[in-house]
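Inspection log for the structure reproduced underneath, given as structure tokens.
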Amino acid sequence: MIKNWIREKLIKTLDKMGIEEIPDFKIEIPLNNFGDYSSNIAFLLSKKLKQNPRNIALDISKHLDDKDYFNKIEVAGPGFLNFFLNEKVYSEFLFFEYENPQYWKKASNIRVLFEFASVNPTGPITIGHGRQAVYGDVLCNIFQTRGHSVEREIYLNNAGRQIRLLGRSLWVRYNNLFKNNYDIPEGGYKGEYLIQTAEKLKDEIKDKFVDKWDSSIADFFNQYAFEAMFEGMKETFDNLSIKFNNIFKEKSLVDDGSVDKVLKELKEKNLTYESEGALWFKVSKFKDEKDKVLIRSDGYYTYYLTDIAYHINKYNRNYEKAYDIFGADHVGHLDRMYAALDAFDIPESFLIFILHQYVNLKKNGEIIKMSTRAGNFETLDDLVTAVGKDATRYFFARFDPDTQMLFDIDLAKQKTNENPVFYVQYAHARISNIFKNAAEKNILFDEIPVIKNLSSEEEKNLIKEIDRFEEILDSILIDYKINKLTNYLESLASFFHSFYSKHIIVDENDIKTTKERLALCKAVQNTLKGGLSLLGVSAPENM
RNA sequence: GUCCCCAUAGUUCAACGGAUAGAACAGCGGAUUCCUAAUCCGCAGAUGAAGGUUCGAUUCCUUCUGGGGAUACCA
């Protein structure tokens with residue numbers, strides 16, 4: 001990276017000047033005429049050296065004399081160091097890019113687990129869930145490409161209370177088909193999708209369970225409903241190209257005794273007690289939180305209990321780290337989970353929670369609340385059908401996970417051209433076309449030329465922008481804000497479109513410059529393609 | 001009440017504590033004998049309020065206001 005190269009030059013220079021303990025300074029791409037790159041180092045040194053920043057900057061600029069690479073080093077304003085680079089630097093970077101087409105990919109050596117999209121399998125995936133599914137998938141892609149061996153896992157709650165409510169709700173719908181009126185239970189699922197499932201079931205078993213109900217019939221309905229819902233989920237994820245390495249079912253933890261083992265150990269450690277007929281875990285012993293129920297007074301295990309067993313299971317699978325991606329409603333879950341891990345001597349650093357805010361939907365100009373239970377929601381499938389996979393994925397990836405997003409459904413479904421994904425894709429397609437055009441004129445792009453004529457603002461901007469790619473990816477590893485990637489691609493595309501409209505790229509009268517510009521186009525295209533592929537969005541040759 | 005996120009242009013979003021707060025859409029005005037006008041160029045338009053820290057604050061701290069979430073024997 002060019003930035004790192006300047007950073008090293010600066011550090012060496014400071015060393016030469018006898019300055020020790022160099023603070024963590026910045027190299028930035030400044031606005032307008034403040035050079036190609038600039039640094040704030042002088043401000044940070046000013047306190048220590050008890051000099052005004054301007055003088056320090058002047059001093060550094062005198063010592064940093066590398067005429068081969070810097071055309072000019074300027075001290076500006078209160079003490080910024082502004083670097084004007086020689087074309088040679090750009091040329092070398094482009095050459096490197098060309099020699100290593102996917103230079104941003106790092107070998108995967110850190111084994112991590114990502115859990116995301118663990119929605120309750122009690123109905124169709126909603127648009128709200130779509131945000132998390134896309135978010136998780138893209139984040140995994142970025143971790144994977146920057147040196148992590150990522151496993152994607154989805155956890156399905158198929159053992160607890162809601163699956164029973166779901167089963168019973170299905171049974172009611174099934175009976176309704178035979179004109180038997182039963183009511184959907186309190187807290188049950190009222191969405192119409194269960195009617196369709198009931199119809200399918202009716203075809204299969206006819207009137208076998210009409211007016212009949214016992215625990216084994218309940219098990220049958222629970223299982224049938226779960227499988228049906230899960231099939232639907234898989235299809236939805238498939239349509240968005242979201243795949244999981246592991247599908248982890250809550251029930252397996254009950255069946256293989258993991259949950260009982262957790263209970264036994266907690267009891268042995270004297271970390272549980274009974275109260276009001278329920279079994280509680282002493283969360284307050286570890287965190288400033290209320291104690292929590294593990295087993296309800298009606299005998300059902302809580303989500304919390306099975307989730308403890310689940311995370312112990314994760315830990316025993318020897319990942320370097322486990323990441324849980326949850327919606328904002330899970331904030332309360334964090335400290336409880338850490339308390340439980342603590343009880344089993346699992347370090348907090350093993351588990352990282354990544355929370356994202358909700359999606360608010362706007363329909364017919366009104367903001368609506370979604371509820372799977374009430375049967376009042378918009379499905380993700382409808383959205384994908386209406387606008388396509390690329391636009392859906394790009395749209396969700398585009399928002400800062402920490403902010404609530406307002407999603408205007410009508411707008412999204414109709415005016416798909418408003419989605420900036422097309423802007424980025426168009427830049428890619430345009431470049432493909434340039435190469436087609438060059439080939440038609442028999443200008444071959446075989447090897448990268450020595451860059452000598454790329455000195456316009458547009459060309460330098462493009463190279464600098466390409467150079468930012470790795471930096472953007474790495475910063476996402478730290479703050480998990482994947483919207484930086486879409487921002488970046490839009491910016492790169494914008495620089496390209498601007499360059500394109502000002503310069504003729506394929507020019508038969510100037511083969512030399514043409515080849516250099518083709519090299520630049522190749523690098524832009526390569527980066528666009530790389531970024532889009534991390535987003536799971538296609539990079540079309542034609543539009 | 002307490003805790004967690006958020007508040008930027010008419011709208012939807014940007015901006016590792018840096019110089020003149022960027023885009024997109026909407027609005028207004030331009031550009032195509034030449035590689036795709038799904039584009040480009042120009043105009044107009046914004047940091048919720050009040051303090052504080054700093055050479056410098058949209059960014060950090062405090063208070064307030066407004067929105068969302070949590071505070072379940074829901075998951």
Side-chain angles (χ1 to χ4, degrees), chain A residues 24 26-28 30-34 38-40 43 46-47 52-54 76-80 82 118-120 122 157 160-162 165 187 250 275-280 288-290 292-300 302-304 306-307 326-335 355-358 360 373 395 398-408 411 415 417-423 425-427 429-438 440-441 471 475 478-479 483-484 486-488 490-491 493-494 496-507 514 517 521 542-543:
Chain A
D24 191 20
K26 286 190 297 192
I27 310 273
E28 288 185 317
L31 297 168
N32 300 332
N33 298 318
F34 298 123
S38 88
S39 177
N40 66 340
F43 295 106
S46 116
K47 241 186 201 161
N52 93 47
R54 229 190 125 78
F80 289 99
N82 295 341
S118 297
V119 304
N120 282 327
T122 54
N157 299 106
R161 206 173 65 102
Q162 37 266 319
L165 286 167
E250 181 189 21
S275 173
E276 299 166 57
L279 187 75
W280 298 70
D288 188 19
E289 283 282 326
K290 290 180 190 159
K292 287 287 297 177
V293 168
L294 298 169
I295 304 178
R296 297 157 46 112
S297 55
D298 59 13
Y300 285 126
T302 61
Y303 160 77
Y304 180 47
T306 50
D307 212 34
F326 287 134
D329 56 339
H330 274 67
V331 257
H333 199 54
L334 274 56
D335 275 342
L355 297 188
H356 64 87
Q357 296 295 310
Y358 277 166
N360 292 321
R373 277 178 207 223
F395 180 82
R398 209 169 164 259
F399 292 81
D400 181 337
D402 275 338
T403 63
Q404 313 157 28
M405 54 185 272
L406 184 67
F407 193 152
D408 189 328
L411 198 67
K415 302 185 179 177
N417 272 345
E418 284 188 5
N419 194 315
V421 70
F422 300 107
Y423 184 81
Q425 288 181 319
Y426 185 53
R430 261 186 162 173
I431 296 173
S432 296
N433 210 58
I434 290 167
F435 279 97
K436 229 176 281 168
N437 185 270
E440 276 166 20
K441 291 178 178 166
E471 181 190 342
S475 77
I478 293 165
D479 62 18
N483 57 311
K484 285 179 179 173
T486 56
N487 265 336
Y488 167 74
E490 282 165 44
S491 162
S494 165
F496 175 75
H497 285 310
S498 185
F499 160 69
Y500 178 92
S501 64
K502 270 186 202 155
H503 302 276
I504 304 282
I505 295 158
V506 178
D507 180 359
T514 296
R517 289 192 172 144
C521 286
N542 291 298
M543 282 178 78

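In the text below, chain A, chain B and the rest are named by the order of the sequence lines, each starting its count at 1.
Distance, A:His333 NE2 to B:rU71 P: 12 Å, rounded to whole Å. The separation between A:Glu490 atom CD and B:rU39 atom P is 12 Å, rounded to whole Å. Going from atom CG of A:Asp329 over to atom P of B:rA70 covers 6 Å, rounded to whole Å. If you take CG of A:Asp335 and P of B:rA72, they are 14 Å apart, rounded to a whole angstrom. Atom OH in A:Tyr488 sits about 18 Å away from atom P in B:rA24, given to the nearest Å. In this entry the distance linking CG of A:Asp288 with C1' of B:rA70 reads 15 Å, nearest Å. Computed from coordinates, the A:Asn52 CG to B:rC55 C1' distance equals 10 Å when rounded to whole Å.
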- [ ] Let me have RNA chain B in dot-bracket notation, would you? Count Watson-Crick plus G-U wobble pairs, both distances under 3.5 Å, and use [ ] for pairs crossing earlier ones and | for inter-strand partners.
- [x] (((((((..((((....[...)))).(((((.......)))))....(((((..]....))))))))))))....
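Taking the six-membered ring where tryptophan is involved, the planes of A:His330 and A:His333 are perpendicular, since the angle between them exceeds 60° and thus also 30°.
Within 4.0 Å of A:Glu28, counting heavy atoms only, lies at least one base atom of the nucleic acid. Within 4.0 Å of A:Lys290, counting heavy atoms only, lie sugar-phosphate atoms of the nucleic acid but no base atom. Contact annotation for A:Ala278: base contact, defined as any heavy-atom pair under 4.0 Å involving a base atom. Residue contacts shown for A:His330 include a base, since a base heavy atom lies under 4.0 Å away. A:Glu471 comes within 4.0 angstrom of no nucleic acid atom, judged by non-hydrogen atoms across all strands. Nucleic acid contact for A:Ala429: base, since at least one base atom lies under 4.0 Å from a heavy atom of the residue. A:Asn40 comes within contact range of at least one nucleobase, with a heavy-atom separation under 4.0 Å. As judged by a 4.0 angstrom heavy-atom cut-off over every strand, A:Ser38 is placed among the base-contacting residues.
A stacking contact links A:Phe80 to B:rA19: the aromatic ring centre lies within less than 5.5 Å of the base's six-membered ring centre, and the planes differ by less than 30°.
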Under 3.5 Å between N/O atoms: give me all the protein pairs with nucleotides 5-12 of chain B, atom names plus distance.
from, atom 1, to, atom 2, distance (Å)
B:rC5, O2', A:Gln357, NE2, 3.1
B:rC5, O2', A:Asp402, O, 2.5

Give me the distances for all protein-to-nucleotides 40-47 of chain B N/O pairs that come in under 3.5 Å?
from, atom 1, to, atom 2, distance (Å)
B:rC40, OP1, A:Tyr423, OH, 2.4
B:rC40, O2', A:Ser501, OG, 3.1
B:rC41, OP1, A:Ser498, OG, 3.2

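Between A:Lys484 and A:Asp479 there is a salt bridge, since a side-chain N of the basic residue sits under 4.0 Å from a carboxylate O of the acidic one.
A sub-4.0 Å separation between OP1 or OP2 of B:rA14 and a side-chain N or O of A:Asn483 is present.
Aromatic rings from A:His497 and A:Tyr423 are positioned such that their centres are separated by under 6.0 Å.
Nearer the 5' end of RNA chain B, as judged by each residue's closest nucleotide, is the contact made by A:Ser39, out of A:Ser39 and A:Asn542.
Heavy atoms from other residues, nucleotides or ligands lying under 6.0 Å from CG of A:Asp288 number 12 at most.
Using modelled atom types, one side-chain atom of A:Arg517 and one backbone atom of A:Ile504 make a donor-acceptor pair closer than 3.5 Å. Remark: the backbone N or O of A:Leu294 is paired with a side-chain donor or acceptor of A:Thr302 at under 3.5 angstrom.
Relative to the ring axis of A:Phe496, A:Arg430 does not place its NZ or CZ within 45° and under 6.0 Å from the centre.
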